[in-house]
Amino acid sequence: MYSQFTYLHSKCFLQTVAATALAAILLAGCSGNPPEGSAQSSASPQATAQQNHTVAPAATKQTTATSVTAVDEQPSTVFYEIFVRSFFDSDGDGIGDLKGVTEKLDYLNDGDPATTDDLGIGGIWLMPINPSPSYHGYDVTDYRSINPDYGTLEDLQELIQAAHQRGIKVIMDLVVNHTSKEHPWFVDSASNKEGKYRDWYIWAEDQKRPASGTSAAGSGNPWHSLLGSHYMGTFWEGMPDLNFDNPAVRREMLDIGQFWLKKGVDGFRLDAAKHIYEDLSTDKSAATTAKNVTWWQEFRKAMNAVNPQAYIVGEVWENSAVSVGAYLNQAFDSGFNFGLAETLLHSAEAEKDSGAAYTLERTYKLYSQISKDAFTDAIFLTNHDQNRVMSQLQDNLDHAKMAAAMLLTLPGNPFIYYGEEIGMLGVKPDEGIREPMRWVSEEDGKGQTTWEDSSNNTWTAENNVKSQNKDNHSLLERYRELISLRNAVPALRDGGIRDYSSGNTGVMAYERVSAQEQVLVMHNLTGKKQQVLLHPNVNGDSYHKVINYISDVAVLQGDSLTLPPYSSAILN
């Protein structure tokens, strides 16, 4: 059990976070809005060099020496989320596997900076790869083994070795909030009230709690009846929650995390991170968050004992910066930015600047205070729990390209959900957003997984790698171009962010600032040519040259910048 001192210390910390956030909002002020201008100028060639860039330790962060307002750097790389079952089938059984992921690493990053036919990513996130009775794997039956559908532990280690040779980090989903109902621990817990594992789970009768209430995850009553008792299953009856008030449970999960780090995994994506103690809707409070944070700090410390550079990103599904920020205090390196994801897709669809940079600049000041400058944001457009980008954008290619441009020019580690780069469609139920990756235009093509029918992605469409490889204007090529640009420009890859008002509602603008350089990013989100009158930034610095452009030539004449429809420009 946690000591009273530790618990109260965490609770006080959260109260301080909330106060800091409030103060930041009160002191932030409003971003300026200079008048719209006109524009034109000289174009520069687009960046083509790809550079492998692995996740740098947070401790290497610096602030710009010349900044009036210090901007914390966020050394970063681009991650790619893989649902192994759907990705690539190496043995012809219709199910994706770890050998299949290894076989397609060159598609993600071939390790050669001179080539341009790979994505150039620097990390992959493997969705659950442990044994499970479910197709998705989020109900684990053995935490130290590999799902036999996917291969063996040796296959994983071969994948890790091959990835590292290409400069790719490998993190894996770690699901510790709950197990499968079929896990031997739970089977024993349910059948033996006097057994070792009884208190590893949460039984209403044992804890003298009413078997009623509403799940904090929105799944109705989380109590489920079995053999005369009721157990807690916040998400579903097949996923009984572990009892983290039991020290033996915590010790086991620490050992499991260390086990995988010793096998070569570079870190973890932590599923349902805020639900360790937040089971019921009535549990939502600063006190519950404090208990969650204390546990994850314990986890972080144990992982540091094996690999201090292990990258840990948590799923804290909240739009509140205060709620996510609490976990950045010696626990997670990153928390997924769900609020930003919504904002970017809205901006792309509405063709309108949403003020994302203004919000991020202030959010990151808060995160820097909490983490002592040791955080890196985890940004994304959608993931395996949300309708796919192209479906949300009504299959609009221009909007999808602009969403990608915003994502890949912002600070933090961008996460790309497999198939996002080729515009795969997908709407819930969940199987519909986890359909087989589309490599070829034929259903029986080599490596094509067939475990699930592709109801959202027809074989006559062009949303496959083979077709888009031949098209210089494809979404896939745009992703490659953007990642290459990000890898080639240090301020885009590692810099912090400062808001910059474009004076044009159809143009999103922000500065990216590193210790070595600062650049201005401009996105014309609309289908019409836009003009922007440039102005000095907060430090009095001006921008005079277009150094990169995406889609079409941006022209600068004096202080007047002309942006073609659905285009981006980088200036210094």
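Any value given below was found using the heavy atoms of this structure, including those in side chains, with hydrogens, waters and symmetry copies removed. Predicted model only: the values in this text are computed from it and were never measured.
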**OP:** For Asn524 and Lys528, indicate whether the former's side chain and the latter's backbone hold a donor-acceptor pair under 3.5 Å.
**Re:** yes

Original post:
Side chains of Gln531 and Asn504: donor-acceptor distance under 3.5 Å anywhere?
Top reply: no

**OP:** Assess Arg388 against Tyr418: is NZ or CZ under 6.0 Å from the centre of the six-membered ring, and within 45 degrees of the ring's axis?
**Re:** yes

**OP:** Verify side chain to side chain contact (heavy atoms under 4.5 Å, CB included) between Gln468 and Leu475, making sure each step is shown before the conclusion.
**Re:** CA-CA 7 Å; Gln468 294 193 22; Leu475 184 59; 3.9 Å; yes

Original post:
Going through the checks in order, is the side chain to side chain contact (heavy atoms under 4.5 Å, CB included) test met by Ile483 and Ile416?
Top reply: CA-CA 11 Å; Ile483 296 172; Ile416 300 168; 3.9 Å; yes

**OP:** Among Trp125, Tyr327, Tyr417, Phe79, find the one that has a ring pair (Phe, Tyr, Trp, His ring centres under 6.0 Å) with Phe336.
**Re:** Trp125

Original post:
Who are the side-chain hydrogen bond (donor to acceptor under 3.5 Å, both in side chains) partners of Asp89, not counting sequence neighbours?
Top reply: none

Original post:
Thr343 and Ser354: which non-hydrogen atoms are nearest, and at how many Å?
Top reply: CG2-OG, 2.8 Å

Subject >> Carboxylate-amine/guanidinium proximity below 4.0 Å for Lys401 and Glu477 >> reply: no

Original post:
Which atom pair, heavy atoms only, marks the closest approach of Asp271 to Asp173?
Top reply: CB-OD1, 3.9 Å

Original post:
Among Phe415, Phe338, Tyr80, which residue meets the ring pair (Phe, Tyr, Trp, His ring centres under 6.0 Å) test with Phe380?
Top reply: Phe338

Subject >> Flag for Ser567-Ser551: side-chain donor and acceptor within less than 3.5 Å >> reply: no

Original post:
Is the closest side-chain donor-acceptor distance between Glu435 and Asn457 under 3.5 Å?
Top reply: yes

Subject >> Thr115 side chain to Asp117 backbone, donor-acceptor under 3.5 Å >> reply: no

Original post:
Which one of Glu361, Arg498, His523 satisfies the side chain to side chain donor-acceptor pair (under 3.5 Å) criterion with Tyr510?
Top reply: His523

Original post:
Can we say Asp494 and Arg512 salt-bridge, meaning some charged N sits less than 4.0 Å from an Asp/Glu carboxylate O?
Top reply: no

Subject >> Interatomic spacing from OG in Ser334 to CG in Leu328 - rounded to 0.5 Å >> reply: 7.5 Å

**OP:** Can you see which heavy atom on Ile171 is nearest to which on Val265, and at what distance?
**Re:** CA-CG1, 4.2 Å

**OP:** Check for a donor-acceptor pair, side chain of Thr363 on one end and backbone N or O of Thr359 on the other, with a separation under 3.5 Å.
**Re:** yes

Subject >> Those residues that, when tested against Arg486, pass side-chain hydrogen bond (donor to acceptor under 3.5 Å, both in side chains) (two or more places apart) >> reply: Ser76

Subject >> Residues Arg434, Glu452: salt bridge by 4.0 Å N-O rule >> reply: no

Original post:
So, is the end of the Arg362 side chain (NZ or CZ) under 6.0 Å from the ring centre of Tyr358 and within 45° of the ring's axis?
Top reply: yes

Original post:
Residues two or more places apart in sequence or in another chain: which of them pass side chain to side chain contact (heavy atoms under 4.5 Å, CB included) with Glu442?
Top reply: Val440, Asp444, Lys466

Subject >> Closest approach of Tyr311 to Ala378 (non-hydrogen atoms, all atoms of both residues) >> reply: OH-CB, 4.2 Å

Original post:
What pairs with Asn383 under side-chain hydrogen bond (donor to acceptor under 3.5 Å, both in side chains), at least two apart in sequence or on another chain?
Top reply: none

Original post:
Which of these, Ile121, Asp106, Asp112, sits in a side-chain contact (heavy atoms from CB on, under 4.5 Å) with Arg166?
Top reply: Asp106

Original post:
Hey, is Arg269 close enough to Glu315 for a salt bridge, meaning N to O under 4.0 Å?
Top reply: yes

**OP:** Without swapping roles, check the side chain of Ser347 against the backbone of Lys352 for a donor-acceptor pair under 3.5 Å.
**Re:** yes

Original post:
Can you name the side-chain hydrogen bond (donor to acceptor under 3.5 Å, both in side chains) partners of Gln386, sequence neighbours left out?
Top reply: none

Subject >> ring pair (Phe, Tyr, Trp, His ring centres under 6.0 Å) partners for Phe88, two or more places apart >> reply: Trp439

Original post:
So, His399 versus Glu351: side-chain donor-acceptor pair below 3.5 Å or not?
Top reply: yes

